[in-house]
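One structure is given here, and the rest of the page talks about it.
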Amino acid sequence: RKTGIELEKKVEAWAKRTLGASHAETRFLINGLSANRPYEVDVWIHISRGFMKIFQGDMDIWVECKDKVSTIKKTDRV
């Protein structure tokens, strides 16, 4: 099994390659609306205008990475 950091780097590379992300970063600190302190997201992805010709604005995606051997079930989702 891969370590968490290796999996996050793999997701970051996938986002750049597959989604055409203009920027992707692992272990990114973000300020939430209800949290007093910033919290860490595994992978932050920023996609610029014209994503696959279906989305016309900029888009930010936050990914929580889980390295599981079994398939993901509804109870695993956040």
Side-chain angles (χ1 to χ4, degrees):
R1 293 180 78 166
K2 298 197 180 309
T3 66
I5 295 170
E6 289 172 342
L7 179 61
E8 291 165 8
K9 290 290 184 187
K10 193 173 182 178
V11 170
E12 177 186 16
W14 171 85
K16 288 179 179 176
R17 183 180 65 251
T18 306
L19 300 177
S22 56
H23 186 78
E25 191 172 327
T26 58
R27 308 235 167 170
F28 187 75
L29 291 176
I30 188 161
N31 293 317
L33 295 175
S34 60
N36 291 334
R37 290 195 248 169
Y39 58 92
E40 184 180 89
V41 294
D42 290 341
V43 183
W44 167 63
I45 302 164
H46 180 78
I47 299 173
S48 295
R49 305 181 79 90
F51 167 62
M52 300 175 92
K53 298 182 181 178
I54 58 172
F55 185 79
Q56 297 304 314
D58 288 356
M59 183 172 23
D60 289 303
I61 302 170
W62 293 267
V63 179
E64 178 71 25
C65 298
K66 299 291 181 195
D67 188 14
K68 296 191 65 135
V69 176
S70 62
T71 57
I72 297 174
K73 299 173 180 63
K74 283 185 179 183
T75 56
D76 293 330
R77 292 190 289 176
V78 177

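Start at 1 with the first residue, then count along the sequence. Note that the structure is a prediction, hence the values are computed from the model and not measured.
Shown here for P38 and L29, the closest heavy-atom pair between the two residues is CB-CB, 4.2 Å. When all heavy atoms of C65 and V43 are compared, the closest pair comes out as SG-CG2, 3.9 Å. Scanning all heavy atoms of the two residues, the minimum distance from G4 to R27 falls at C-NH2, 4.4 Å.
The CD atom of E8 lies 11.5 Å from the CD atom of E25; values are rounded to the nearest 0.5 Å. To the nearest 0.5 Å, atoms CD (E40) and OG1 (T26) are separated by 8.5 Å. Here the straight-line distance linking atom CD1 of I61 with atom NE2 of H46 works out to 10.5 Å at 0.5 Å rounding.
Between V63 and I45, the closest side-chain pair of non-hydrogen atoms falls below 4.5 Å.
Applying the side-chain hydrogen bond (donor to acceptor under 3.5 Å, both in side chains) test to E12 and every residue at least two apart in sequence or in another chain returns nothing. Applying the side-chain contact (heavy atoms from CB on, under 4.5 Å) test to W62 and every residue at least two apart in sequence or in another chain returns I30, V41, W44, D60.
Placement of F28 and M59 in two distinct hydrophobic clusters is found when ILVMFWY residues are connected by side-chain heavy-atom separations under 4.5 Å, directly or transitively.
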